[in-house]
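On a predicted model such as this, the values are computed, not experimentally measured, just so you know.
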Amino acid sequence: MTYTYLTSTRDGAVERLTLNRPDVRNAFNEHVIAELTDWAEETRAAAARHDIRAVVIAGAGKVFCAGADVTWMSKTVHYTEEENLRDAMAMSRMFAAINELPVAVIGRIQGAALGGGAGLAAVCDIVVADEAALFGFTETKLGILPAVISPFALAKIGQAAARELFLTGARFSAARAKEIGLVHEITAGADLDAAIDRFVREVLSAGPEAVAAAKALIPNVWGRPIAEAMPITAAAIAARRVSAEGQEGLRAFLEKRKPAWIKHGETA
Ligand code: COA
């Protein structure tokens with residue numbers, strides 16, 4: 001599929017997606033949202049075939065993503081309430097589609113991740129940030145609020161940080177973002193790609209079905225009382241133990257060899 005506002009390249013089992021509207025710092029409007037949603041659906045299908053086993057999301061130019069396009073949002077004053085709701089639901093579906101991709105999604109953050117850009121970081125499983133990058137749930141500074149991204153942001157940063165950062169709309173450093181769980185690793189800008197490649201190699205050396213199952217397990221278990229989680233976790237491990245992939249991984253360890261899913265050069 002070809003896109004106007006995105007570029008996507010495939011490097012073996014690694015899908016690299018770049019937001020490509022650098023003139024407006026990769027802000028997203030309804031067209032970008034539609035393209036990102038289509039891309040996520042295609043990626044989900046390719047991931048189900050194990051053609052894609054890791055995704056890296058980046059932004060072209062000096063900034064990862066400045067969030068929702070303010071010009072587009074200001075025009076929505078002329079929409080009916082129904083049109084505004086439809087628009088917001090489309091944005092919600094875009095975030096959910098990326099959030100639920102059954103592979104590891106790695107965010108590459110340089111410059112800034114603000115508003116929906118911080119939301120995009122929140123739906124990544126692993127986030128690597130340039131030490132100079134700025135983050136912010138800046139919506140309240142514009143008189144709006146971080147609504148659509150809130151379930152994804154809250155799952156990462158929790159209520160305590162959200163109370164401060166949603167209410168102030170303040171910009172914060174990569175170090176603070178790491179402290180609250182939005183970022184996993186901070187590097188100098190020149191070392192971003194090397195850090196990401198290291199995470200990619202780690203992911204490719206894990207069993208693809210196991211990765212998908214582990215990713216699905218987290219939201220399924222989170223927030224449940226332990227007694228309710230127990231049958232879910234028992235069923236999850238029981239299914240993996242007897243699966244061909246699980247058996248291959250366990251046998252490979254005992255036989256002191258690499259499992260079949262690790263191809264040459266993909267070891268961590
Ligand atoms: N929506 C629409 N346009 C945006 C945008 C957004 N979210 N963010 C930046 N732009 C545009 C600017 O209006 C500017 O356009 P112009 O060249 O026509 O003047 C262009 O992108 C470059 O922005 P500029 O601020 O000059 O770039 P910068 O590199 O100095 O700073 C940011 C980058 C991201 C830090 C800064 O643009 C910013 O703070 N943006 C607002 C982010 C925000 O609050 N997003 C939440 C939206 S809900």
Side-chain angles (χ1 to χ4, degrees), residues 1 8-17 36-57 92-107 121-128 151-152 154-156 158 181 184-185 195-268:
M1 193 178 264
S8 92
T9 56
R10 191 79 63 79
D11 168 16
V14 184
E15 168 78 1
R16 295 180 191 273
L17 177 82
L36 268 170
T37 309
D38 287 349
W39 167 83
E41 277 162 16
E42 291 228 333
T43 300
R44 167 177 278 282
R49 299 189 299 268
H50 299 163
D51 290 349
I52 292 176
R53 295 180 48 204
V55 168
V56 178
I57 300 185
S92 228
R93 272 195 297 275
M94 172 195 87
F95 282 112
I98 301 172
N99 191 53
E100 286 158 22
L101 284 175
V103 292
V105 177
I106 303 169
V123 295
C124 292
D125 301 300
I126 300 163
V127 177
V128 183
F152 312 105
L154 281 168
K156 284 285 182 70
H184 297 85
E185 189 162 319
I196 285 166
D197 287 348
R198 210 168 0 92
F199 279 115
V200 165
R201 285 196 300 275
E202 289 285 1
V203 166
L204 294 183
S205 67
E209 290 171 15
V211 168
K215 183 162 174 173
L217 182 72
I218 296 164
N220 200 7
V221 164
W222 183 248
R224 283 187 199 268
I226 289 174
E228 213 180 277
M230 277 163 61
I232 296 169
T233 59
I237 185 60
R240 297 311 310 149
R241 280 199 301 230
V242 299
S243 69
E245 186 186 278
Q247 280 295 306
E248 166 61 10
L250 298 169
R251 261 199 321 268
F253 177 82
L254 295 174
E255 292 167 8
K256 303 188 189 309
R257 61 171 175 82
K258 293 200 177 359
W261 63 76
I262 297 186
K263 298 201 186 79
H264 182 67
E266 284 186 350
T267 46

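Checked against side-chain contact (heavy atoms from CB on, under 4.5 Å), Ala46 has the following partners two or more places apart in sequence or in another chain: Arg10, Arg49, Asp51, Ile52. The salt bridge (Lys or Arg N to Asp or Glu O under 4.0 Å) search around Arg224 returns Glu228, not counting sequence neighbours. Remark: Arg44 pairs with Glu100, Leu101, Pro102 by the side-chain contact (heavy atoms from CB on, under 4.5 Å) rule, at least two apart or across chains.
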| Going through the checks in order, is the side chain to side chain contact (heavy atoms under 4.5 Å, CB included) test met by Arg53 and Trp261? | CA-CA 11 Å; Arg53 295 180 48 204; Trp261 63 76; 3.8 Å; yes

| Check against side chain to side chain contact (heavy atoms under 4.5 Å, CB included), Val221 and Thr233 | CA-CA 8 Å; Val221 164; Thr233 59; 3.8 Å; yes

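Remark: the backbone N or O of Arg241 is paired with a side-chain donor or acceptor of Gln247 at under 3.5 angstrom. A side-chain donor-acceptor contact under 3.5 Å links Lys156 to the backbone of Cys124. Without hydrogens or angle criteria, Glu248 side chain to Ala260 main chain gives a donor-acceptor distance under 3.5 Å.
Atom CG of Leu254 has more than 12 neighbouring heavy atoms from other residues, nucleotides or ligands inside a 6.0 Å radius.
Counting heavy atoms from C-beta on, the side chains of Ile262 and Pro259 come closer than 4.5 Å. Side-chain contact between Val14 and Leu204: present, with at least one pair of heavy atoms (C-beta onward) separated by less than 4.5 Å. Residues Ile98 and Ile57 meet the side-chain proximity criterion, which asks for heavy atoms closer than 4.5 Å.
Between atom CZ of residue Arg251 and atom CZ of residue Arg257 there is a gap of 6.5 Å, rounded to the nearest 0.5 Å. Once rounded to the nearest 0.5 Å, the distance linking CZ of Arg16 with CD1 of Ile106 reads 8.5 Å. We find the CG-CD distance between Leu250 and Glu255 to be 11.0 Å, quoted to the nearest 0.5 Å. Between the CZ atom in Phe95 and the OG1 atom in Thr37 there is a gap of 9.5 Å [rounded to 0.5 Å]. If you take OG1 on Thr43 and CD on Glu41, they are separated by 10.0 Å, rounding to the nearest 0.5 Å.
Nearest heavy atoms, Ala210 versus Glu245: N-OE2, 2.8 Å. Residues Val128 and Ala195 come closest through the heavy atom pair CG1-CB, 3.9 Å. Of all the heavy atoms in Ala206 and Val211, the pair that sits closest is CB-CG2, 3.7 Å. Taking every heavy atom of both residues into account, Ile126 and His184 meet most closely at CA-ND1, 3.5 Å. Residues Ser92 and Phe152 share a closest heavy-atom pair of O-CZ, 4.5 Å. When all heavy atoms are compared, the tightest approach of Val203 to Ala54 is CG1-CB, 4.2 Å.
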